[in-house]
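Only heavy atoms go into these numbers, but all of them, side chains included; no hydrogens, no water, no symmetry mates. To find a chain, count down the sequence lines: A is the first, B the second, and so on, and within it residues start at 1.
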Protein chains: 2
Amino acid sequence: MAISRIASLRAGLRALAGRKNGVRVNEFNVPRLFLYHRALVEVSKQGVSVVTSESLAELCANDVTPTQIRKDLSQLGTLGRRGHGYQVAALLDLLARVLGLDQDWRIAIVGFGYLGHALTTFLSYREERFKIAALFDKAPDVIGQKWNDLTVRHIDELESTLRELGGVDIAVLAVPSKAAQEVAERVAAAGVDAILNFAPIALRVPEQVFARNIDLAGELSILTHYLTGSD
Amino acid sequence: MAISRIASLRAGLRALAGRKNGVRVNEFNVPRLFLYHRALVEVSKQGVSVVTSESLAELCANDVTPTQIRKDLSQLGTLGRRGHGYQVAALLDLLARVLGLDQDWRIAIVGFGYLGHALTTFLSYREERFKIAALFDKAPDVIGQKWNDLTVRHIDELESTLRELGGVDIAVLAVPSKAAQEVAERVAAAGVDAILNFAPIALRVPEQVFARNIDLAGELSILTHYLTGSD
DNA sequence: AAATGTGAAGAGGTTCACAGCG
DNA sequence: CGCTGTGAACCTCTTCACATTT
C-alpha cells in the first residue's frame with residue numbers, strides 16, 4: 001500500500017489551533033492542505049481550471065477521500081460551486097495564503113556539509129518562495145566556500161550575520177546531533193521562530209519557537225517495523 | 001513550543017495493524033516507540049539501568065506524557081515493575097525487536113547527488129543496522145564514483161545489481177521528482193517492499209510496497225503556516 | 001443532474017483516575 | 001508508599017448520508 005503522506009503533527013499542534021484571516025483553521029490538517037496545493041500547482045500548469053473533490057483526491061493519489069477534501073476546504077470558507085467544482089486559480093490563491101506560500105521567506109542553513117548543500121540546492125532550485133539568506137558551518141575547509149552569491153560563514157558569526165541581515169524566518173539545522181541543541185538555542189536567541197532540524201535529537205526550544213524534526217532513522221525504523229511485521 | 005515529533009502515519013497505517021510476536025501492536029505509535037528507543041539508548045550509555053514512565057517522558061522532551069508511555073508500553077506486554085519502573089536493558093531489547101532494529105537491513109540509495117551522498121554518509125556513520133548495499137545514479141560523472149567499497153552504478157543496472165545482491169530491503173529515493181515514479185516502480189518490481197522517497201511527489205506503488213515520503217517543502221510549509229498565523 | 005457543504009454517527013487515540021502490585 | 005497497568009471517559013478526526021445549491 002502506498003503511504004506517502006506528509007508528516008502530521010498530532011498533539012502538539014492542537015494547542016496551535018487558531019484564527020487565520022478570521023477563519024478558524026483546524027491546524028491538524030496543514031500537511032493535507034499542502035498536498036492539495038501541490039496537486040493544484042501541477043494541474044494548473046496543465047491548464048486545468050476546475051477540479052472536483054473527486055478529481056483532486058485522485059491527483060493526491062494516497063489515502064485522501066473526496067469527503068475529506070470537501071471537509072478540509074469547507075473550513076476555509078465556501079469555495080466551490082455545487083454541481084460544478086472548485087476553481088483551480090482561486091483555490092490555489094487561498095491555499096497559498098493559508099500556508100504562507102504567498103510570500104517570500106528567508107532561510108539560514110546551518111551546517112553546509114552534504115546535507116546542508118543538498119537542501120540549499122533543492123530549495124533554491126525548486127522552491128522560489130524560500131530564499132537562502134545565509135550559510136553557516138564550523139569546518140575550516142567549508143567556511144569561505146561560495147554558493148551563488150553567498151559565502152559560508154563561521155557559526156560564530158551567526159548572531160552578527162543575522163543582525164546584519166535583519167534576521168531570517170527559518171533556520172534549517174543540518175549539523176551533527178551534538179551541536180544541534182546549542183545551535184537551536186542560539187538561533188532562537190537571535191530571533192528565529194521556526195526551526196527545521198535534521199539532527200536526531202529531541203530539541204528543547206523556547207516557548208515561542210516552532211521546531212520540527214525530520215528524523216531519517218525514525219523514518220527508516222517505521223519501514224523496518226513494517227518489514228518485520230510482514231515476515 | 002517545541003514540536004519535534006517524528007512523522008506519524010494516520011489513516012494509512014491503520015490498515016496495517018497486526019500481530020507482532022503474538023502481541024497486537026497499535027501501529028499508530030511506532031514513531032513514539034522509536035523515540036523511546038532512542039532515549040533509552042542514550043541513558044543506557046550513561047549507565048542508567050532503570051527508568052520510570054516519568055523519567056522517560058522527561059528524556060523525550062516533547063509532548064509525551066508518562067501516561068502515554070505506560071499505555072504504549074503496556075501494549076507490548078507487562079514490562080515494568082510496579083513501584084519501581086522499567087529495566088532499561090530489557091526495554092531496549094524489546095523495542096529493538098518490535099521496531100526491527102535487532103537485525104541488519106540492506107539499503108539501496110538511488111540518486112547519488114548531494115542528498116544521496118548525505119544520506120549514505122549519515123547512515124553508515126550513525127546507524128550500524130542499516131547497511132548500504134548499492135548506489136545508483138544516472139549522471140555520467142557520478143557513475144563509477146567510489147564510496148567505501150561500493151561503486152555507483154548506472155540506474156539501468158538496477159535490476160541486475162539487485163539480483164546479484166540477492167535483493168535489498170529498502171530503497172531510498174533521492175532522485176529528481178520526474179524520475180521518482182519510474183524508479184519506484186522499478187525497485188518495486190525488483191522485489192523491494194519498502195521505499196523512502198525524498199522527491200516531492202505522491203508515489204503510486206503496488207499494494208505490498210510500503211512507501212514513505214519525506215517532503216522538505218511540506219515541512220517548511222508547516223513552519224510558514226505557523227509563522228503566518230502568529231503575525 | 002451533479003457536486004458541494006454539513007450535521008450526525010463512527011472510529012480511534014489520548015487522558016483520567018484509580019485499582020493492582022511490588 | 002510508589003509506580004505500573006488499565007477500563008472508562010473524553011476528545012478529536014474521519015466517514016457517512018443527504019440536504020442544498022447551481
For nucleotides 2-9 of chain C, tabulate all protein N/O to nucleotide N/O atom pairs closer than 3.5 Å, reporting atom names and distance.
| from | atom 1 | to | atom 2 | distance (Å) |
| --- | --- | --- | --- | --- |
| C:dA3 | O4' | A:Gly83 | N | 3.2 |
| C:dA3 | N3 | A:Gly83 | N | 3.4 |
| C:dT4 | OP1 | A:Ser53 | N | 2.6 |
| C:dT4 | OP2 | A:Ser53 | OG | 2.7 |
| C:dT4 | O2 | A:Arg82 | NH1 | 3.1 |
| C:dG5 | OP1 | A:Leu79 | N | 3.1 |
| C:dG5 | OP1 | A:Gly80 | N | 2.9 |
| C:dG5 | OP2 | A:Tyr86 | OH | 2.8 |
| C:dG5 | O4' | A:Arg82 | NH2 | 2.9 |
| C:dG5 | N7 | A:Arg70 | NE | 2.9 |
| C:dG5 | O6 | A:Arg70 | NH2 | 3.0 |
| C:dG7 | N7 | A:Lys71 | NZ | 3.4 |
| C:dG7 | O6 | A:Lys71 | NZ | 3.1 |

I'd like to know if A:Asp104 pairs up with A:Arg129 as an ion pair, taking the criterion as any Lys NZ or Arg NE/NH1/NH2 lying under 4.0 Å from an Asp or Glu carboxylate oxygen.
yes
Check this for me: does any side-chain nitrogen of one of A:Arg32 and A:Asp72 sit under 4.0 Å from a carboxylate oxygen of the other?
yes
Checking salt bridge (charged side-chain N to carboxylate O under 4.0 Å, His left out) for the pair A:Asp102/A:Arg97: CA distance, chi angles, key distance, verdict?
CA-CA 5 Å; A:Asp102 60 338; A:Arg97 204 165 70 241; 5.5 Å; no
Partner of A:Tyr86 under side-chain contact (heavy atoms from CB on, under 4.5 Å), picked from A:Leu56, A:Leu40, A:Leu73, A:Val50, is A:Leu73
Applying the Watson-Crick and G-U criteria (both distances under 3.5 angstrom) with [ ] for crossing and | for other-strand pairs, one obtains for DNA chain D ||||||||||||||||||||||
Roughly, in whole Å, what's the span from [atom1] in [X] to [atom2] in [N]?
X	N	atom1	atom2	answer
B:Asn29	C:dG12	CG	C1'	12 Å
B:Gln87	C:dG22	CD	P	15 Å
B:Gln68	D:dC3	CD	C1'	18 Å
B:Gln75	D:dG5	CD	C1'	12 Å

Heavy-atom closest pair (A:Ser53 atom, A:Arg70 atom, distance to 0.1 Å) is OG-NH1, 3.2 Å
Smallest heavy-atom separation, B:Val98 atom then A:His225 atom, equals O-ND1, 2.7 Å
Got a list of side-chain donor-acceptor pairs under 3.5 Å for residues 178-188 of chain A, not counting sequence neighbours?
| from | atom 1 | to | atom 2 | distance (Å) |
| --- | --- | --- | --- | --- |
| A:Gln181 | OE1 | A:Arg204 | N | 3.0 |
| A:Gln181 | NE2 | A:Glu185 | OE2 | 2.6 |
| A:Gln181 | NE2 | A:Arg204 | O | 2.8 |
| A:Arg186 | NE | A:Glu159 | OE2 | 2.8 |
| A:Arg186 | NH2 | A:Ile155 | O | 2.9 |
| A:Arg186 | NH2 | A:Glu159 | OE1 | 3.0 |

dist A:Arg212:CZ -> B:Leu220:CG (nearest 0.5 Å) comes out at 10.5 Å
